[in-house]
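In each ligand, atom 1 is the first atom listed, and ligand 1 is the first ligand listed.
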Amino acid sequence: MNERITRSCDCDRVFLRRMVTSIVIAVLFVLPLAGSRQEVAKASSPDRSVGKAELSRNERMKWWREARFGMFIHWGLYAVPAGEWKGERIKGIGEWIMERADIPVSEYEPLTKQFNPVKFNADQWVRIAKNAGMKYIVITSKHHDGFCLWDSKVTDYDIIDATPFGRDILKELSKACKKHGIRLCFYHSIMDWHHPDAQAPFYPSYNDGKRSNPNFSRYVETYMKPQLKELITGYGPLGVLWFDGEWIKDWTEPQGKDLYNYVRDLQPDILINNRVGKGRKGMEGLNKGDQEYAGDFGTPEQQIPAKGLPGVDWESCMTMNDTWGYKHYDDNWKSKEDLLRKLADIASKGGNFLLNVGPTSEGLIPGPSVERLAAMGKWMKINDQSIRGTTASPIGEVPWGRCTARPGKIYLHVFDWPTDGTLEVPGIESKVKKAYLLAKKRAKLRFTRQEGGTVAVAIPAHAPDPINTVVVLEIESK
Ligand code: H79
């Protein structure tokens with residue numbers, strides 16, 4: 001099996017190279033005496049060549065594991081109806097309005113004429129993400145409705161050929177991301193309700209899980225793959241390709257593996273989510289079973305796995321209200337407290353947080369989203385070390401909040417500030433050198449060691465930050 005789709009291949013390339021050298025020596029000198037030839041052949045067999053030395057999974061995942069926080073952007077024609085069709089408010093997520101309101105292609109397509117986001121400013125969007133402390137942006141190059149946000153050569157159903165706006169949104173974002181040091185990533189739907197060789201003939205059952213389109217492989221080979229090539233070669237290098245809509249009957253795991261390899265041949269260091277293939281378990285988006293499935297990370301949607309996913313890379317994607325694509329009447333916003341605590345919760349379980357915004361058809365990120373991101377950025381400016389590049393809690397669950405770590409430091413995210421002036425931290429086996437508030441590094445906190453590995457830290461009477469105050473323990477690294 002192709003080494004690149006083997007999830008367990010976490011070995012460091014440098015380590016491997018050294019190992020190969022040792023094995024060569026062993027082959028030449030030792031093996032003729034003791035030898036186990038099979039092992040040698042296995043360890044020294046070359047990687048599937050992709051034109052240049054292949055990066056190990058750890059090397060590829062490095063920036064993503066460090067980033068911990070990214071922005072999801074759902075933007076497309078659905079921002080025009082914004083949750084309403086023919087005067088009726090349509091239930092469900094906004095970007096699904098075509099399916100939910102049974103809109104035929106012939107009526108949905110003309111929305112292109114109304115898509116004129118004159119207030120779109122790529123630089124502003126990227127700055128909003130960056131100021132929130134986010135390190136990457138995942139935007140819908142194409143959602144299920146099939147409309148393309150870039151100048152695709154294989155269709156006219158795109159921003160340049162079909163709308164009065166006529167500006168290449170992805171090109172502008174790509175430039176702005178480069179300027180601000182943000183990784184640009186694309187969400188790309190495998191399911192396509194517009195392309196005649198995909199699901200469209202089955203109107204109104206766009207999401208039909210039972211029926212096939214006899215021409216689906218033609219759509220894959222002559223449309224989807226060329227489009228992905230355009231995106232990777234013309235807008236990259238990309239951070240992630242984030243597939244979705246893979247649950248349709250026409251999509252199979254072998255096709256997923258083929259697509260995974262196709263994309264990585266075009267950009268060897270790119271990351272690809274698990275929805276490229278069929279390994280997803282319901283909405284949890286974790287790789288199911290013990291079989292090998294394609295993909296570099298799991299994608300729990302609208303949820304945070306209770307215990308994280310030890311040994312697996314994962315990213316929770318979530319909306320700030322109840323829709324991904326803009327709906328003008330959805331006011332069910334999560335509070336900034338909730339969002340900031342979710343960020344700490346996810347980091348404490350070793351995952352990433354991909355937080356969504358759904359811009360309007362004018363090209364603006366809704367005000368309530370901007371406000372929340374600004375509040376998160378304010379917290380991140382002081383506390384980002386406790387999130388960025390950290391790993392899951394080394395001491396399990398704690399009663400007052402969450403915990404993250406990096407070598408030599410444990411970050412205590414205190415949500416419920418103790419009123420008795422003492423923060424009890426269980427399970428600390430290493431020697432504690434220092435304790436302080438991350439917001440006030442020079443003011444050292446006193447601490448005592450209690451029985452059973454608990455360290456009691458003397459803390460101020462009132463929570464310096466009622467949402468999440470971070471207390472740092474500097475420990476002797478093992
Ligand atoms: O892009 C956003 C949504 O439009 C898309 N994913 C996020 C990131 C999405 N969210 N929900 N859905 C799509 C609805 C899909 C629901 C289901 Fe299934 C498809 C239910 C049954 C088939 C996937 C496979 C979930 C459970 C099994």
N or O pair under 3.5 Å between Glu95 and ligand 1:
yes
Heteroatom proximity flag, Arg280 to ligand 1, N/O under 3.5 Å
no
Does Glu246 come within less than 4.0 Å of Arg280, counting only side-chain N to carboxylate O?
yes
Compute the centroid of each ring, for Trp96 and then for Tyr78, and state whether the two points are separated by less than 6.0 Å.
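No; Tyr78 has its ring centre 6.0 Å or more from that of Trp96.
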Taking the six-membered ring for Trp and the single ring otherwise, decide whether the centroids of Tyr326 and Trp75 are under 6.0 Å apart.
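No, ring centres 6.0 Å or more apart.
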Taking it one step at a time, do Tyr235 and Asp168 satisfy side chain to side chain donor-acceptor pair (under 3.5 Å)?
CA-CA 11 Å; Tyr235 300 78; Asp168 189 327; 2.5 Å; yes
Under the rule for side chain to side chain contact (heavy atoms under 4.5 Å, CB included), what residues qualify as partners of Asp465, not counting sequence neighbours?
Trp379, Ile467, Thr469
Give me the residue, atom name and distance of the protein heavy atom closest to [atom].
| atom | result |
| --- | --- |
| atom 5 (C) of ligand 1 | Asp244 OD2, 3.2 Å |
| atom 27 (C) of ligand 1 | Gly282 CA, 4.2 Å |
| atom 14 (C) of ligand 1 | Trp96 CZ2, 3.6 Å |
| atom 10 (N) of ligand 1 | Glu301 OE2, 2.7 Å |
| atom 24 (C) of ligand 1 | Trp247 CB, 3.9 Å |

Which atoms form the tightest heavy-atom contact between Leu339 and Phe353, and what is the distance?
O-CE2, 3.8 Å
Heavy atom under 4.0 Å from ligand 1: found in Thr140's side chain, backbone, both, or neither?
neither
Tell me the nearest of Lys281, Met283, His74 to atom 12 (N) of ligand 1, using heavy-atom distances.
Met283
Among residues at least two apart in sequence or on other chains, which ones pass side-chain hydrogen bond (donor to acceptor under 3.5 Å, both in side chains) with Asp192?
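Here the qualifying residues are Lys142.
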Can you find a protein heavy atom closer to atom 22 (C) of ligand 1 than 4.0 Å?
yes
Can you check atom 1 (O) of ligand 1: any protein non-hydrogen atom closer than 4.0 Å?
yes
Under 4.0 Å to a heavy atom of Tyr187 - the qualifying atoms of ligand 1, by number:
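In order of numbering, the contacting atoms are 1 (O).
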Can His143 and Tyr187 be counted as having a side-chain donor-acceptor contact under 3.5 angstrom?
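The criterion, which ignores hydrogens and geometry beyond distance, is satisfied for Tyr187 and His143.
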